Amino acid sequence: MAYEIPVTQARAELAELINRVVYGGERVVVTRHGKPLVALVSAADLERLEESPDADEEQVVSSVSSLRSASSPSAGAGERQRFGIAAEHRGPNPS
């Protein structure tokens with residue numbers, strides 16, 4: 001589960017948040033008005049995300065959502081709405 005913090009508080013505690021991510025292995029979700037804006041993750045986590053060529057955007061949204069609340073059931077359209085995603089990438093269209 002990720003630690004959530006409002007952006008105003010995150011500004012004041014950035015050094016502490018970085019330490020929590022790097023040394024504590026935590027993931028931090030920075031929010032504005034209760035909505036997720038960005039996530040602080042370790043460089044190792046970022047490398048794993050970038051190296052996974054077959055991980056599509058829906059899986060990433062689902063992962064972030066599950067970090068926010070492991071006990072809250074959510075899926076597909078609900079996640080896109082919560083994260084303000086208006087479009088979905090479906091790959092190249094055959095002509």
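Owing to the predicted nature of the structure, the values given are computational and were not obtained by experimental measurement.
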Point-to-point distance, once rounded to the nearest 0.5 Å, from CD of Glu51 to CG of Leu46:
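That separation rounds to 9.5 Å.
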For the CG atom of Asn19 and the CD atom of Glu26, what is their distance to the nearest 0.5 Å?
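Taking CG in Asn19 and CD in Glu26, the distance rounds to 11.0 Å.
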Non-hydrogen atoms of [X] and [Y] that approach each other most closely:
{"X": "Val30", "Y": "Pro6", "result": "CG1-C, 4.3 Å"}
{"X": "Val7", "Y": "Leu37", "result": "CB-CD1, 4.4 Å"}
{"X": "Val21", "Y": "Leu40", "result": "CG2-O, 3.7 Å"}
{"X": "Val29", "Y": "Pro36", "result": "CG1-CB, 3.8 Å"}

With a 4.5 Å cut-off on side-chain heavy-atom distances among I, L, V, M, F, W and Y, is there a chain of contacts connecting Ile18 to Val28?
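Hydrophobic grouping puts Ile18 apart from Val28.
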Connected via hydrophobic side-chain network under 4.5 Å: Leu14 and Val22:
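They do share one cluster, since a chain of ILVMFWY contacts under 4.5 Å joins Leu14 to Val22.
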